[in-house]
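Values reported hereafter were calculated over all heavy atoms of this structure, with side chains retained and with hydrogens, waters and symmetry mates removed. For the single chain, residues carry numbers from 1 onward in sequence order.
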Amino acid sequence: VRDLMERLRGKNRELYPENPNIIVLVNGVEINVLEKLDTTIKNEDEVILLPAAHGGAGVHVRAYLVEPHPNILDELNEVRKKVNAIVQIVNPSCIASLDHIKLIASQTWEAMKNNELMAEKPEIDLLMRFALTDQINLAIERCGYRGLKSVLIVFGLKKDVEKAEIILKKEFKLSPFRPIANDKEILEMFKIERKELESTSSDFDPLTSILVEKASLLGPKRD
């Protein structure tokens, strides 16, 4: 892996072996649980380089807790018509941390730029990545709005996010984000074993790292 990163050095200012903001997966496994940069790769191995910088390059991410009220989904649709930022409401039981939000938003942002969204709309792609599924109905069932206090996520270019925040704060009762779900709840939902947590090492907490890695392996269906 170190040799590969050296070969890629210079193609992008983020690509160099010791960059802590790049998560490297070999065949779906983060190299920190293998041999780190000394992990050997062979022909046909799949290597994924995932930007892990908070929010990703060029994308700004904000998250709030939002109180439920009637017609909130319809009102959010009206807000989306007024702004260029991406706005989505997510079941807090699917979210491990603020880093989790920022990294998943970054994945959707990169997929949108590369025309590789898993759904027609980035809001649905975001939901699918939190739900760890390529099935829209399951994503909505697992991580969609349930009429309870939820997490409102806004991301995009800085000027677009700032405009969206002004509108959202007028329309909804928002409070600063804090995790609501507990680790046990998330582990059960996504069938993650505790031994998997114990073997994970990265710059983020183990549960966030595992959820982000699994989401990075999702992709659009191809013919």
Taking the side chain as every heavy atom from C-beta outward, state whether [X] and [Y] have any atom pair closer than 4.5 Å.
{"X": "H69", "Y": "K173", "answer": "no"}
{"X": "L8", "Y": "L49", "answer": "yes"}
{"X": "D160", "Y": "V83", "answer": "no"}
{"X": "I210", "Y": "E196", "answer": "yes"}
{"X": "L98", "Y": "H100", "answer": "no"}
{"X": "H60", "Y": "K159", "answer": "no"}

Excluding sequence neighbours, so at least two apart, what forms side-chain hydrogen bond (donor to acceptor under 3.5 Å, both in side chains) with [X]?
{"X": "E165", "value": "Y64"}
{"X": "E162", "value": "none"}
{"X": "Y145", "value": "none"}
{"X": "E6", "value": "R9"}

To the closest 0.5 Å, what do you measure between [atom1] ([X]) and [atom2] ([Y])?
{"X": "T39", "Y": "I31", "atom1": "OG1", "atom2": "CD1", "value": "5.5 Å"}
{"X": "K158", "Y": "R62", "atom1": "NZ", "atom2": "CZ", "value": "8.0 Å"}
{"X": "L168", "Y": "K163", "atom1": "CG", "atom2": "NZ", "value": "12.0 Å"}
{"X": "D74", "Y": "I72", "atom1": "CG", "atom2": "CD1", "value": "10.5 Å"}

If hydrophobic clusters are built from ILVMFWY residues whose side chains come within less than 4.5 Å, do [X] and [Y] share one?
{"X": "I89", "Y": "W109", "answer": "no"}
{"X": "F155", "Y": "V87", "answer": "no"}
{"X": "I86", "Y": "F172", "answer": "no"}
{"X": "F130", "Y": "L117", "answer": "yes"}
{"X": "I101", "Y": "L157", "answer": "yes"}

With sequence neighbours excluded, what pairs up with [X] under the side-chain contact (heavy atoms from CB on, under 4.5 Å) test?
{"X": "P179", "answer": "F177"}
{"X": "E46", "answer": "N27, I48"}
{"X": "I41", "answer": "V1, L4, V26, D45, V47"}
{"X": "D38", "answer": "R2, E35"}

| task | Please indicate whether N115 has more than 12 foreign heavy atoms, meaning atoms of other residues, nucleotides or ligands, lying under 6.0 Å from its CG. | result |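 Check fails, neighbour count at 12 or below.
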| Taking atom CD of E120 as the centre, does the number of heavy atoms from other residues, nucleotides or ligands within less than 6.0 Å exceed 12? |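 Not more than 12 within 6.0 Å, no.
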Please find the pair of heavy atoms, one from [X] and one from [Y], that lie closest to each other, and give the distance.
{"X": "A215", "Y": "I104", "result": "CB-CD1, 3.4 Å"}
{"X": "L126", "Y": "A105", "result": "CD1-CA, 3.8 Å"}
{"X": "L127", "Y": "V90", "result": "CD1-CG2, 4.0 Å"}
{"X": "A181", "Y": "P92", "result": "CB-O, 3.4 Å"}
{"X": "P70", "Y": "E75", "result": "O-OE2, 3.7 Å"}
{"X": "G156", "Y": "V161", "result": "N-CG2, 3.3 Å"}

| Can you pull the side-chain hydrogen bond (donor to acceptor under 3.5 Å, both in side chains) pairs that have at least one residue in residues 80-97, sequence neighbours excluded? |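 Counting only pairs at least two positions apart or across chains, the side-chain hydrogen bond (donor to acceptor under 3.5 Å, both in side chains) contacts touching residues 80-97 are N77-R80, E78-K81, R80-Q88, N91-S93, S93-E185, S97-T208.
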| disulfide bond (SG atoms under 2.5 Å apart) pairs, two or more places apart, involving residues 89-160 |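 Those involving residues 89-160 are C94-C143.
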| said: Pair R178, I180 - check side chain to side chain contact (heavy atoms under 4.5 Å, CB included), show working. | reply: CA-CA 6 Å; R178 59 177 175 81; I180 293 179; 4.1 Å; yes
| task | Just do the side chain to side chain contact (heavy atoms under 4.5 Å, CB included) check on E116 and Q107 with the steps written out, would you? | result | CA-CA 10 Å; E116 292 184 346; Q107 288 183 9; over 6 Å; no
Kindly list each side-chain donor-acceptor pair under 3.5 angstrom involving residues 146-154, sequence neighbours excluded, with atom names and distances?
| residue | atom | partner | partner atom | Å |
| --- | --- | --- | --- | --- |
| R146 | NH2 | E141 | O | 3.3 |
| R146 | NH2 | R142 | O | 3.2 |
| K149 | NZ | E67 | OE2 | 3.3 |
| S150 | OG | L148 | O | 2.9 |

| request: Check the pair L217 / E213 against side chain to side chain contact (heavy atoms under 4.5 Å, CB included), numbers first and verdict last. | output: CA-CA 7 Å; L217 300 177; E213 289 168 23; over 6 Å; no
| query | Is the backbone N or O of M118 less than 3.5 Å from a side-chain atom of D125, with the two atoms forming a donor-acceptor pair by type? | reply |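 The answer is yes, because a donor-acceptor pair under 3.5 Å joins these two groups.
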Indicate every side-chain donor-acceptor pair of residues 186-193 with a distance under 3.5 Å to a residue at least two apart or in another chain.
none

